[in-house]
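Here the structure is laid out as structure tokens; the discussion comes afterwards.
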Amino acid sequence: MIAQGEVWLVGAGPGDPDLLTRKAEKLIRSASVVFYDALVGAGVLDLVPASTRMVSVGKRAGRHSKDQRTIDALLVEAALAGERAVRLKGGDPSIFGRSQEELAACRAAGVPVHICPGVTAASAAVASLGSSLTLRGLARRVTFVTAHLRKGSPPDLDWQALADPQASIAVYMGKQAAAAVSSGLMTAGLAGETPVAMVENASLPSERLFRTRLDLLPIAARTALGDGPALLLIGEAVRHGPLPRTAERSATVTQGKPISLAL
Ligand code: SAH
């Protein structure tokens, strides 16, 4: 499926291998080398044939094992050497995936490069909550933001523009910045009772779901979330929904913790 000497940026989805697209699976199976990062699910990596060379370029916030330029260079080098290179990225490559650097590096080197989309974490998280990112009349738009703290300083976001009670906000990389997100949005006028869901390890067996409110988000994030990737979903869209299938596990995990988790 992949020609000699090209690169595919492939969305690996949120972790559950059943959420891979069929195209992604075909690309994984026909690659000669697979570059993957830390967010790619173990079940997805299991689909890579044993004979395929695998290169970890593992990135998690604050724990970069290879910098972006090195990754760009590795992809270009592989393709120029005639490899069928797949660059697996968690979720969808186009959402906080640094794909533009890799696309630009390939294009500058004359290497053919293509993209296979994937299921982004926000879609997986809201599916697990049994809800919807948009709701007629209640949530008219969805904003994907990243609240990654750069060198510990608060995220530089336009809180005024974000604080729309009729929007759903999906905060990627927001765990450390939960307090800044909460105060930024409330100062800009969003109500403290605004519903918030925190979804850790969405789509994986270790998934955990929590419901809280904007004013309680700092303590909720600090006490409830573990080490896994977590998404914050803010807005009316996450108020409702049936009890999620992991409710029991989540309730147990949070027992005795001083947060209001109306699961
Ligand atoms: N391209 C990815 C996002 C990369 S940024 C996508 O489309 O999903 C990394 C952030 O994504 C993590 O810090 C976390 O906020 C979120 N994320 C990725 N996988 C996740 C998962 N399985 N569950 C919850 N959040 C996840």
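Nothing here was measured: the structure is a model prediction, and the numbers come from that model.
Placement of Leu19 and Val34 in two distinct hydrophobic clusters is found when ILVMFWY residues are connected by side-chain heavy-atom separations under 4.5 Å, directly or transitively. Residues Leu138 and Leu129 do not share a hydrophobic cluster, defined by chaining ILVMFWY side chains whose heavy atoms lie under 4.5 Å apart. Criterion: ILVMFWY side-chain heavy atoms under 4.5 Å apart, direct or through other members. Under it, Leu225 and Val196 are part of a common hydrophobic cluster. Cluster membership check: Trp8 shares its hydrophobic cluster with Leu45, using side-chain heavy-atom separations under 4.5 Å among Ile, Leu, Val, Met, Phe, Trp and Tyr. Hydrophobic cluster membership is shared by Val57 and Val111, with clusters built from Ile, Leu, Val, Met, Phe, Trp and Tyr side chains linked at under 4.5 angstrom.
Screening Arg211, Arg239, Arg213 for a side-chain contact (heavy atoms from CB on, under 4.5 Å) involving Pro195 leaves a single residue, Arg239. Each of Ser99, Ser94, Pro93 was evaluated against Ile115; a single residue qualifies, Pro93, per the side-chain contact (heavy atoms from CB on, under 4.5 Å) test.
The CZ atom of Arg98 sits 8.0 Å away from atom CG of Asp72, with the distance rounded to the nearest 0.5 Å. Rounded to the nearest 0.5 angstrom, Thr134 OG1 and Glu236 CD are separated by 13.5 Å. If you take CZ on Arg141 and OG1 on Thr143, they are separated by 4.5 Å, rounding to the nearest 0.5 Å. The NZ atom of Lys26 lies 5.5 Å from the CE atom of Met1; values are rounded to the nearest 0.5 Å. The structure places OG of Ser30 at 11.0 Å from CD of Glu25, a figure rounded to the nearest 0.5 Å. The CG atom of Leu231 sits 10.0 Å away from the CE atom of Met173 when rounded to the nearest 0.5 Å.
The closest donor-acceptor contact from the side chain of Ser182 to the backbone of Ala178 lies at 3.5 Å or more, if one exists at all. Looking at Tyr36, its side chain never comes within 3.5 Å of a backbone N or O of Gly90 through a donor-acceptor pair. A donor-acceptor pair is defined here as one N or O able to donate and one able to accept, closer than 3.5 Å; such a pair exists between the side chain of Thr187 and the backbone of Ser183. At least one donor-acceptor pair closer than 3.5 Å links the side chain of Ser168 to the backbone N or O of Leu133. Between the side chain of Ser32 and the backbone N or O of Arg84 there is at least one donor-acceptor pair closer than 3.5 Å. Judged purely by atom type and a 3.5 angstrom limit, Asn201 has no side-chain atom pairing as donor or acceptor with the backbone of Leu204. Between the side chain of Thr21 and the backbone N or O of Ala24 there is at least one donor-acceptor pair closer than 3.5 Å.
Closest non-hydrogen pair, Ser128 versus Ser203, comes out as OG-N, 4.3 Å. Heavy atoms only, all atoms of each residue included: Val119 and Pro14 are closest at O-CD, 3.4 Å. The shortest heavy-atom contact between Ala230 and Lys175 is CB-CD, 4.4 Å. Nearest approach of Val171 to Ala147, heavy atoms of both residues: CG1-CB, 3.7 Å. Heavy-atom minimum distance, Phe96 versus Phe144: CZ-O, 3.7 Å. The heavy-atom pair separating Gly11 from Leu20 by the smallest distance is O-CD2, 3.8 Å.
We find that Asp37 and Lys89 are not joined by a salt bridge, their nearest charged nitrogen and carboxylate oxygen being 4.0 Å or further apart.
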side-chain hydrogen bond (donor to acceptor under 3.5 Å, both in side chains) between Gln4 and Glu83, worked out: CA-CA 6 Å; Gln4 294 284 337; Glu83 299 241 44; over 6 Å; no
Salt bridge (Lys or Arg N to Asp or Glu O under 4.0 Å) evaluation trace for Arg69 with Asp67: CA-CA 6 Å; Arg69 279 176 177 216; Asp67 68 21; over 6 Å; no
Residue pair Glu102, Val113: steps toward the side-chain contact (heavy atoms from CB on, under 4.5 Å) verdict: CA-CA 9 Å; Glu102 295 171 16; Val113 58; over 6 Å; no
Criterion side-chain contact (heavy atoms from CB on, under 4.5 Å) on Phe35 and Leu88, from CA distance to verdict: CA-CA 6 Å; Phe35 298 90; Leu88 271 180; over 6 Å; no
Criterion side-chain contact (heavy atoms from CB on, under 4.5 Å) on Ile169 and Val142, from CA distance to verdict: CA-CA 6 Å; Ile169 311 171; Val142 183; over 6 Å; no
Test side-chain contact (heavy atoms from CB on, under 4.5 Å) applied to Tyr172 and Thr120, step by step: CA-CA 10 Å; Tyr172 289 72; Thr120 192; 2.6 Å; yes
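With contacts defined as side-chain heavy-atom distances shorter than 4.5 Å, the pair Leu9/Leu103 qualifies. Between Val44 and Ile28, some side-chain heavy-atom pair lies under the 4.5 Å cut-off.
Environment of CG in Asp46: crowded, with over 12 heavy atoms of neighbouring residues, nucleotides or ligands closer than 6.0 Å.
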